[in-house]
Amino acid sequence: MASVSADAVLSQTAQLETNSQATQKTITIRNPPLTYLHLTLLTSSTSLPISNMPPVDILTARAHLTSALSQYLGITGTAIPIDFLKAEGRDVWIRLPREDAAAVKGALSQWVGKDGRVSWRVETNGEWLGAVAAGDGHELFQP
């Protein structure tokens, strides 16, 4: 049986620590559980110009969205869990389960409310909030 000196053990330990620090780990998220949508509430009111229209609040947005989902999917549509992240002006950002995104986009694209004067437009959609909130970045390359 060979004897091992303390210096040899220390050098092997230092070498293992050095090798473990150089190791990189990569994580890939293939199917994020949530989808984000940026919506705009459109109105065709002839009494007020678009610039003078009052901003949409979250309660109004939820009422319009629930109406669209119930018309398109019935009571099943109203059971889709939707989180309202932000409402600013006529724009609304929402978060919902990824598997329900196609149904919600279908409901919003066919819905027209209040005597045909209110509708939704899906501005952007994606699985990462940063990309949906910031846009496509085209303004970064304009002089």
- With Arg62, which residues qualify under salt bridge (Lys or Arg N to Asp or Glu O under 4.0 Å), at least two apart? none
- Query: Who pairs with Thr78 by side chain to side chain contact (heavy atoms under 4.5 Å, CB included), at least two apart in sequence or on another chain?
  - Reply: Thr66, Ser70, Ile75
- Message: For a side-chain contact (heavy atoms from CB on, under 4.5 Å) check, start with the C-alpha distance between Leu41 and Arg90, then their side-chain angles and the critical distance, and finish with the verdict.
- Response: CA-CA 5 Å; Leu41 187 65; Arg90 308 298 288 165; 3.7 Å; yes
- Task: Please check if Leu96 and Leu73 belong to a single hydrophobic cluster, counting links between Ile, Leu, Val, Met, Phe, Trp and Tyr side chain heavy atoms closer than 4.5 Å.
- Result: yes
- Query: Val132 and Ile80: same hydrophobic cluster, using ILVMFWY side-chain contacts below 4.5 Å?
  - Reply: no
- Nonpolar side-chain network containing Val112, other nodes, edges under 4.5 Å: none
- Task: Using side chain to side chain contact (heavy atoms under 4.5 Å, CB included) as the criterion, list what pairs up with Ser109, not counting sequence neighbours.
- Result: none
- Mind checking side chain to side chain donor-acceptor pair (under 3.5 Å) for Asp83 and listing every partner two or more places apart, or none if nothing turns up? Arg95
- List the atom of Ala61, the atom of Val92, and the distance in Å for their closest heavy-atom pair. CB-CG2, 3.9 Å
- Query: Given the rule that I, L, V, M, F, W and Y join up when any side-chain heavy atoms are under 4.5 Å apart, are Ile94 and Ile58 in one cluster?
  - Reply: yes
- Note on the structure: residues 88-107 vs ring-ring contact (aromatic ring centres under 6.0 Å, His included), sequence neighbours excluded, gives His38-Trp93
- Message: Once side chain to side chain donor-acceptor pair (under 3.5 Å) is applied, do any residues pair with Ser67, and if so which ones, sequence neighbours excluded?
- Response: Trp111
- Note on the structure: Rounded to the nearest 0.5 Å, the CG atom of Leu65 sits from the OG1 atom of Thr60 at a distance of 12.0 Å
- Message: Nearest 0.5 angstrom please: Trp120 CH2 to Lys105 NZ, how far?
- Response: 16.0 Å
- Message: Working to the nearest 0.5 angstrom, can you tell me the gap between Leu69 CG and Leu108 CG?
- Response: 6.5 Å
- By side chain to side chain donor-acceptor pair (under 3.5 Å), which residues pair with Lys86, not counting sequence neighbours? Glu88
- Any ring-ring contact (aromatic ring centres under 6.0 Å, His included) pairs touching residues 65-90, not counting sequence neighbours? none
- Item | Non-neighbouring partners of Glu123 that pass side chain to side chain donor-acceptor pair (under 3.5 Å), sequence neighbours left out | Thr40, Arg121
- Item | Hydrophobic cluster membership, Val122 vs Tyr36, 4.5 Å side-chain cutoff | no
- Query: Gln110 and Ala68: which non-hydrogen atoms are nearest, and at how many Å?
  - Reply: NE2-O, 3.8 Å
- Message: With a 4.5 Å cut-off on side-chain heavy-atom distances among I, L, V, M, F, W and Y, is there a chain of contacts connecting Leu39 to Trp128?
- Response: no
- Message: Going by the rule side chain to side chain contact (heavy atoms under 4.5 Å, CB included), which residues pair with Pro97 if we only count those two or more places apart in sequence or in a different chain?
- Response: Pro81, Glu99, Asp100
- Query: Any side-chain heavy atom of Arg98 within less than 4.5 Å of one from Leu34?
  - Reply: no
